[in-house]
Amino acid sequence: MFEFGYAEEEKLGKPYDLGLLKRLYPYARVYGRYFLAAIALVIMITLFELAIPYITKIVIDRYIVPQTVIGTEGEKNRFLTADPDDPKIQAAAARYPDLFEMKAGQIQIAYQNLADLDAETLALLRADDLRGVGIAALIFFGVIICSFLFTFIEVMVMEYTGQRIMHDLRMQLYDHIQSLNVSFFNRHPVGRLVTRVTNDIQNMYELFTSVIAFVFKDFFLLVGIAAVLISINWKLALISFTVLPVVIWAAFIFADKARGVFRILRVKVAEINTRFSETIGGIKVIQVFGQERNNHRGFARLNHENYEAGMHQIRIFAIFMPVIELLGAVATAIVIFYGGGRVISETITLGSLVAFISYMRMFFRPIRDIAEKYNILQNAMASAERIFQILDSKERLPEVPARPDHPFAKETIRSLRFDDVRFGYLPKEIVLKGIDFTLNAGQTLAIVGPTGSGKTSMINLLTRFYDPNSGRIEINGEDIRNLPIPLLRSKMALVTQDPYLFSGPIRENIFPPTEEWSAPGIDEVLYASNARSVIDRLPQGLETDLSEGGASLSSGERQLLSIARAFARDPDLIILDEATSYIDSETEARIQDALIELMKGRTSVMVAHRLSTARYADRIMVLHRGRIIESGSHEALMEKKGFYYQLNQLQNG
Amino acid sequence: MKSFHLIKPYFSENRFSIIIGIICLVIVDLFQLFIPRVVKWAVDDLTSFQIDMFGLFIYAMEIVGLAIAITIFRYVWRRCLIGLSRRVEEGIRDRLFSHLQILSPKYFDKTRTGDLMAHATNDINHIRMATGMGMVALTDALFLGSAAILFMAYINVRLTLYVLIPAPLIIFGTSFFGSRMHRLYGEVQASFSDLTEVVRERFTGIRIIKAYNREAESTERLERMSEEYIGKNIRLVTITGSFFPMMVFLSNLSMAIVIFIGGRQTILAEITPGDFVAFISYLSILTWPMMALGWLTNLIQRGKASLDRIDTILKTEPAIADPPDPQPMREYQDRIVLEKVSFSYGETDEPADRGEALSDIDLTLEKGKTLGIIGPPGGGKTTLLQLIPRLYDVNTGSIRIDGKDIRNVRVADLRSLISFVPQEPFLFAGTIRENITFNDPGITEEQLIKAAREAALLETIEGFAKGFETIVGEKGVILSGGQKQRIGLARALLRDASILMLDDPISQVDTETGNTIIETIRKTAARRTILIVSHRLSALKAADEIIVLKNGRITQSGTHETLMERDGYYARTYRLQEMEEALNV
């Protein structure tokens, strides 16, 4: 998967404000409950993770290392005390009279002497401790199982939520783009719009799942560890935290440097990809002009720049990662020195010291993670900005609201009128300069004229892809701008030069899946449109999926299917942009047949490239540079001996 | 490792830094393992109060010293070893690029650009990751892992064995889940491509969607695709989401074993409390290598598969290349002869009506003459032009220049005689200057300006603020069709080749400019052979010979005058254009 939206990378690297996050918030709020659940789970998981070193601490303090310390400075020692009333212990003490001593009504033994006891005695002496360790291990086991389960659930919840938010955003964006003007599509390359709906949305997913989930977790972990450390021993905690500012500072420096180099790398990779696709696309030019070596030289330079940027990235990581580890080790050293001192002075226990060391190790991971995630965040923000830019564009034609009971819904098209219509795609370039005509129901109008005379623009106005600059287009005497667009379009069918079919089954291309079609109804359409033979040729017939490449249809066959699509609509008005491309004569005849059948009894407007099609029209209009220069029936125009007459002479000659 | 030969040179080239890197890596690993030992000593001494503040200070300093040494050595190995992967990346990509350049257009006709781009990006990335982090981390994991186990075994063999119980589960688990993950990841990618394709086609066909009120249905279709994509993602995450926590669980299981068994052993004085703490530390060191092993195996396997794919491309021989014993051809003197030339693009599953693109073409072109070619779309005009510089080879018949079959001539020599304006004036994302001169340093400013003037482009370029240095963007997005076309022309005119081929060179230029351009080109006709395809017949009127190509065959030929008399395709098209031009006055 690779992007083609290269040119947009420059923006990356600028820090984003909170405004974007504010705009993203409503999308997340819909799934507030899931987020709450995820946060609750994250808190639980954090607690479990924090519990792990704590259990070790308890094991050491309570069961492994005895806490009874007797003696004075310099001669202190740990002792294990035992119940003097237990006859078994009395017996054991009797066996090792040099090791045990009675003090203050208790039997005690110096810790270093324990190793001299035989295993049985030792086990007897420490039966409670052994039981305690067993229980602690069991609790530990329970904690890690819960931690595993909760983590899994949390990941699934976050994934689901992230995907849902993406889905909502994607659908909203798609719907929005789809509802925009045709002129919007003319100005924005399709590739870029596709990138918005796919890759940019994907980047946002990273934001919602990776960043939010991990950052929350990292944050809780940081706070949790700090809290535990402070609760164990606040002085030791504060002293260990002295390395923290350095860690945070290093993380900031790293995030900043890494962002810069990530950006350069992305741009370089994009440039390399461009170069590859250019070379593949322009291979003929390169080879005929013998530019292989030259082109390669340019590529090698880019490739090397990418290498340099890659090495730069390696250097940054090669410094940052070890430095964070170093700081971790320094923190451990501080804990051992200062904390060890506390153990000697008995202000903290040995288990606490060990727990401290473990927690310090855990402490640095979240900071490092956050620094690394910062780049994803930036990337996602750049995408969010691009997405919102599109959502903010409101290029639509003024539209009257669609009501199901609109009177036009029940009407058929009785007349079509252009009243002094002027139109241009750009303000300065007027394409249609005052078009006037009236067409009554059942009539056929053929528009002929040289390329660029404005034929296609008339179609664009009729279908209301665009509105005229001035003048009116009326249907049944009503300005079409006063009709709801879907209702207007539901009365017409457009058959274009490029018979555009969509991936998916042929059936869905011809018959809207939202409508119910009976088998005889389907047959009738296929028969009338001459598409029957095309369908019959395919093993899977109507169910043939056009996306799987299995169906190779010639352009003529595609044309037939698009005519069937028009038939299925049973429109009042046919708008036809005749194909100019080469189609073999047999298919050509079938297309002609189908079109004549389609226009029978309907009003139609067609852009005709072949005069043989035009001559049967009730009226022929010759368009030139946006003006009607001749208009009338075939006979009338032939008699007039103008442009149309000459055209006929030529094509029939 | 049948494709290992591709990356081997980079290993031997960098063997010095590889050796240094590995030594540093081993040192880092050893030092890393010593820190828990220092901690162990400290804990043991503290347990028995055998230490004072100075002793603690020494221990702390030892840790800091070790850590500093680790930092330095780690920096060195990261630079030495990971840098290699970037070197491999650069080298392999360079080879792929160079090789693609020499493959024939036919290869690109049947290979999808998307697939090639995937090789150039994904496969090369996989190779980079496999040679970089993959191999390095594998070495690290193997060494660090086994060393940690040894250190643990040194403390207590029995406990070590117990602790290692989950290890096989971890290694096989990563490998098992890894391949599953890889497959599901592939499915997610495929689903994403489908989604992209649906969005693309809907936006491309937006007029039909709007005209047929199919917006809701389109949205629904995308919704289905999007849901499917979500489904695939969820399936993937079911694996990844259970995998990573499971690995953590398994390594924590080792910890539970240490607490239970190690705790008992400490109580029973088989090991010291320091040993117990050190064990916990070693375990946390061991976790990573265990998780990494399975993961890295997959990474390296994937890299190997990618390397094999790249190797397959590199082994593809160009269909058109120099013959074993090529004849040199320095200049073009007399004539080009096409004899019974037939050609089909072949290997396509297009409907049968395509068939042969050219059939039985016989033509003789003398030096100093101009040939005009016209015909309906799909008639074979472009194909005919492409055969002469051997972008494609004829299927039957032959093309001879000065009596030599072009298949026996050095390809570079042949092409150096030819200049070509293709139908689609392919522009590269650089400046106008680069697009005209291809960055050839041998071209003087005067030559550039002359070519631009001849292509009626100079004024346009001078109108741009940055002149020749204007960046045209990808495929020349900032330029109009006519401007692009004239850049293509200037590029061809700059080259003083003795065969000039123009494929519809003025289709997007206004009539007047077009005529000026044709006039300029015609002035150079005496020293070359010119072949012009054009739909604008005024451009062909003065040609010495004009042929009409229909369905791959020459249906008419002659001069303007003789063709006008015969009243065929040429005469009719010519009169039609005359009429349209008359209207324009």
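Reminder, nothing fancy here: chain letters follow the sequence lines and each chain counts from 1.
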Novice: Please report the closest heavy-atom contact between A/F502 and B/I209, naming both atoms and the distance.
Specialist: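 Heavy-atom minimum between the residues: CZ-CG1, 3.5 Å.
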Novice: Among A/R297, A/M171, A/M156, which residue has the highest count of heavy-atom pairs closer than 4.5 Å to chain B?
Specialist: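 Most heavy-atom pairs within the cutoff with chain B belong to A/M171.
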Novice: Do the side chain of B/Q101 and the main chain of A/E292 share a donor and acceptor less than 3.5 angstrom apart?
Specialist: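 Yes: the side chain of B/Q101 pairs with the backbone of A/E292.
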Novice: Please classify the contact of B/I206 with chain A as side chain, backbone, both or neither, using a heavy-atom distance under 4.5 Å.
Specialist: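 For B/I206, the side chain is the part near chain A, not the backbone.
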Novice: Does any heavy atom of chain A fall under 4.5 Å from the side chain of B/S281, the backbone, both, or neither of them?
Specialist: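 Backbone plus side chain of B/S281, per the 4.5 Å heavy-atom cut-off to chain A.
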Novice: Hey, can you tell me if B/F97 and A/F299 have their rings parallel, tilted or perpendicular (30° and 60° cut-offs)?
Specialist: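 Rings of B/F97 and A/F299: parallel, under 30°.
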Novice: Please classify the contact of B/F276 with chain A as side chain, backbone, both or neither, using a heavy-atom distance under 4.5 Å.
Specialist: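 Answer is side chain: those atoms of B/F276 sit under 4.5 Å from chain A.
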Novice: Between A/V182, A/V330, A/T463, A/N294, which residue shows the highest count of heavy-atom pairs closer than 4.5 Å to chain B?
Specialist: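 Option with the top pair count is A/N294.
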Novice: Only pairs of heavy atoms separated by less than 4.5 Å count here; which of B/G205, B/P389, B/G263 has the most with chain A?
Specialist: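 Answer, by heavy-atom pair count under 4.5 Å with chain A: B/G205.
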Novice: At a heavy-atom separation under 4.5 Å, does A/F643 approach chain B through its side chain, its backbone, both, or neither?
Specialist: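 Its backbone and side chain both get close to chain B.
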Novice: Scan side-chain atoms only and decide if B/N213 and A/S490 contain a donor-acceptor pair under the 3.5 Å cut-off.
Specialist: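 No, A/S490 and B/N213 have no side-chain donor paired with an acceptor closer than 3.5 Å.
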Novice: Select one option (side chain, backbone, both, neither) describing which atoms of A/F148 are under 4.5 Å from chain B's heavy atoms.
Specialist: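 For A/F148, the contact with chain B is made by backbone and side chain together.
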Novice: Distance alone, cut at 3.5 Å: any donor-acceptor contact between the side chains of A/H304 and B/D94?
Specialist: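 Distance-only check fails for A/H304 and B/D94.
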Novice: Where on B/E227 is there a heavy atom nearer than 4.5 Å to chain A: the side chain, the backbone, both, or neither?
Specialist: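 Contact with chain A: backbone and side chain both.
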Novice: I'd like to know if the side chain of B/D52 reaches the main chain of B/G55, judged simply by a donor and an acceptor atom lying under 3.5 Å from each other, with no hydrogens or angles considered.
Specialist: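 Yes: the side chain of B/D52 pairs with the backbone of B/G55.
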Novice: For A/V197, is it the side chain, the backbone, both, or neither that has a heavy atom closer than 4.5 Å to a heavy atom of chain B?
Specialist: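 For A/V197, the contact with chain B is made by the side chain alone.
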Novice: Can you say whether A/I319 sits under 4.5 Å from chain B via the side chain, the backbone, both, or neither, judging by heavy atoms?
Specialist: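 When you check distances to chain B, atoms from both the backbone and side chain of A/I319 fall under 4.5 Å.
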Novice: With a 4.5 angstrom heavy-atom cut-off, is it the side chain or the backbone of B/V39 that approaches chain A, or both, or neither?
Specialist: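 Backbone plus side chain of B/V39, per the 4.5 Å heavy-atom cut-off to chain A.
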Novice: When you compare the side chains of A/Q178 and B/T219, does any donor N or O come within less than 3.5 Å of an acceptor on the partner?
Specialist: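 Yes, side-chain donor-acceptor contact under 3.5 Å.
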Novice: Heavy-atom distances under 4.5 Å only: say whether A/R569 touches chain B with side chain, backbone, both or neither.
Specialist: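 Looking at A/R569, just its side chain touches chain B.
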Novice: For the CZ atom of B/R207 and the CG atom of A/L494, what is their distance to the nearest 0.5 Å?
Specialist: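 B/R207 atom CZ to A/L494 atom CG measures 8.5 Å (nearest 0.5 Å).
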Novice: Taking side chain as everything from C-beta outward and backbone as N, CA, C, O, which of these in A/L327 sits under 4.5 Å from a heavy atom of chain B? Side chain, backbone, both or neither.
Specialist: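 Looking at A/L327, nothing touches chain B.
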Novice: Sort B/V248 into side chain, backbone, both or neither according to what part of it lies under 4.5 angstrom from a heavy atom of chain A.
Specialist: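 Neither; nothing under 4.5 Å.
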Novice: Taking every non-hydrogen pair under 4.5 Å, which of B/A269, B/G430, B/A211 racks up the most with chain A?
Specialist: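 Winner by heavy-atom pair count: B/A211.
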Novice: What part of A/V288 is in contact with chain B, defined as an atom under 4.5 angstrom from a non-hydrogen atom: side chain, backbone, both or neither?
Specialist: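 For A/V288, heavy atoms of backbone and side chain both lie under 4.5 Å from chain B.
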Novice: Heavy-atom pairs under 4.5 Å with chain A: which of B/D45, B/T196, B/T47 has the most?
Specialist: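 Top count of heavy-atom pairs under 4.5 Å with chain A: B/T47.
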Novice: What distance do A/Q163 atom CD and B/N233 atom CG have between them, rounded to the nearest 0.5 Å?
Specialist: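 Here the interatomic distance stands at 4.0 Å.
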Novice: Can any side-chain N or O of B/R495 pair as donor or acceptor with the backbone N or O of B/I418 at less than 3.5 Å?
Specialist: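 The answer is yes, because a donor-acceptor pair under 3.5 Å joins these two groups.
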Novice: Count the heavy-atom pairs under 4.5 Å between each of A/Q287, A/R275, A/M492 and chain B, then report the option with the highest count.
Specialist: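 The candidate making the most pairs under 4.5 Å is A/Q287.
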Novice: Mind listing the closest non-hydrogen atom pair of A/V285 and B/F426 along with its distance?
Specialist: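 For A/V285 versus B/F426, the nearest heavy atoms are CG2-CB, 4.0 Å.
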Novice: Relative to chain B, which segment of A/L138 carries a heavy atom at a distance below 4.5 Å: side chain, backbone, both, or neither?
Specialist: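 When you check distances to chain B, no heavy atom of A/L138 falls under 4.5 Å.
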Novice: What part of B/M61 is in contact with chain A, defined as an atom under 4.5 angstrom from a non-hydrogen atom: side chain, backbone, both or neither?
Specialist: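 Contact with chain A: none, neither part.
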Novice: Check A/I314 against B/R86 and note the closest heavy-atom contact, atom names and distance.
Specialist: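 Answer, listing the atom of A/I314 first, then B/R86: CD1-CG, 3.7 Å.
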Novice: If I measure from the heavy atoms of chain A, does B/E217 come under 4.5 Å with its side chain, its backbone, both, or neither?
Specialist: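 Answer is side chain: those atoms of B/E217 sit under 4.5 Å from chain A.
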Novice: Tell me, for A/S147 versus chain B, whether the close heavy atoms (under 4.5 Å) come from the side chain, the backbone, both or neither.
Specialist: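 Interface part for A/S147: neither.
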Novice: Among A/M311, A/E154, A/R170, single out the residue with the greatest number of heavy-atom pairs under 4.5 Å to chain B.
Specialist: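 Top option by heavy-atom pairs under 4.5 Å: A/R170.
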Novice: When heavy-atom pairs shorter than 4.5 Å are enumerated against chain B, which of A/L193, A/V155, A/T198 gives the highest number?
Specialist: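 Most heavy-atom pairs within the cutoff with chain B belong to A/T198.
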Novice: With A/R565 as the cation and B/Y212 as the aromatic partner, state whether NZ or CZ is under 6.0 Å from the six-membered ring centre and within 45° of the axis.
Specialist: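 Judged by the rule, A/R565 and B/Y212 form a cation-pi pair.
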Novice: Can you tell me if A/F141 has over 12 outside heavy atoms packed within less than 6.0 Å of its CZ?
Specialist: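 Open.
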Novice: Near B/F57 CZ, under 6.0 Å, is it more than 12 heavy atoms from other residues, nucleotides or ligands?
Specialist: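 Open.
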Novice: Select, from B/S226, B/S48, B/S242, B/A492, the one with the greatest count of heavy-atom pairs under 4.5 Å involving chain A.
Specialist: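 Option with the top pair count is B/S226.
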Novice: Indicate the atoms forming the closest heavy-atom contact of A/E278 with B/L427, along with that distance.
Specialist: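 Of all heavy-atom pairs spanning A/E278 and B/L427, the closest is OE2-O, 4.2 Å.
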Novice: A/N460 versus chain B, heavy atoms under 4.5 Å apart: side chain, backbone, both or neither?
Specialist: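 It is the side chain, since no backbone atom gets that close.
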Novice: Can you tell me how far OG of A/S503 sits from CD of A/E508, rounded to the nearest 0.5 angstrom?
Specialist: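 The CD atom of A/E508 sits 9.5 Å away from the OG atom of A/S503.
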Novice: How far apart are the closest heavy atoms of B/A256 and A/A137, and which atoms are they?
Specialist: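 For B/A256 versus A/A137, the nearest heavy atoms are O-CB, 4.2 Å.
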Novice: Report the option among A/F289, A/F276, A/Y307, A/F337 that has the most heavy-atom pairs separated by less than 4.5 Å from atoms of chain B.
Specialist: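 If we count pairs closer than 4.5 Å to chain B, A/F289 comes out on top.
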Novice: If you measure from CD1 on B/I280 to CD1 on B/I259, what distance do you get to the nearest 0.5 Å?
Specialist: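 The distance works out to 6.0 Å.
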Novice: Relative to chain B, which segment of A/I286 carries a heavy atom at a distance below 4.5 Å: side chain, backbone, both, or neither?
Specialist: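 A/I286 touches chain B through side-chain heavy atoms alone.
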Novice: B/T266, B/L100, B/T240, B/T204: which one forms the most heavy-atom pairs within less than 4.5 Å of chain A?
Specialist: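 Result: the option with the highest number of such pairs is B/T204.
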Novice: Side chain from CB out, backbone as N, CA, C, O: work out which of these in A/I144 comes under 4.5 Å of a heavy atom of chain B, or both, or neither.
Specialist: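 Answer is both: backbone and side chain atoms of A/I144 are under 4.5 Å from chain B.
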Novice: Just verifying a value: how many Å separate A/Q202 CD and B/Y229 OH, rounded to the nearest 0.5 Å?
Specialist: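 Here the interatomic distance stands at 3.0 Å.
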Novice: Heavy-atom distance under 4.5 Å to chain A: side chain of B/L268, backbone, both or neither?
Specialist: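 Answer is both: backbone and side chain atoms of B/L268 are under 4.5 Å from chain A.
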Novice: Which atoms of B/T238 are under 4.5 Å from chain A, going by heavy atoms: the side chain, the backbone, both sets, or neither?
Specialist: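 Its backbone and side chain both get close to chain A.
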Novice: Would you compute the distance between atom CD1 of A/I336 and atom CG of A/L353 and round it to the nearest 0.5 angstrom?
Specialist: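 Answer for the CD1-CG pair, A/I336 versus A/L353, is 6.5 Å.
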Novice: Which bit of B/R491 is near chain A, if near means a heavy-atom gap under 4.5 Å: side chain, backbone, both or neither?
Specialist: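 The answer is both parts of B/R491.
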Novice: Can you tell which part of A/Y160 gets under 4.5 Å to a heavy atom of chain B, answering side chain, backbone, both or neither?
Specialist: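 Both parts, backbone and side chain.
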Novice: Can you tell which part of A/Q313 gets under 4.5 Å to a heavy atom of chain B, answering side chain, backbone, both or neither?
Specialist: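 For A/Q313, the contact with chain B is made by the side chain alone.
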Novice: Using a 4.5 angstrom heavy-atom cutoff, name the option from B/M501, B/E434, B/E223, B/R390 with the most pairs to chain A.
Specialist: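 Winner by heavy-atom pair count: B/E223.
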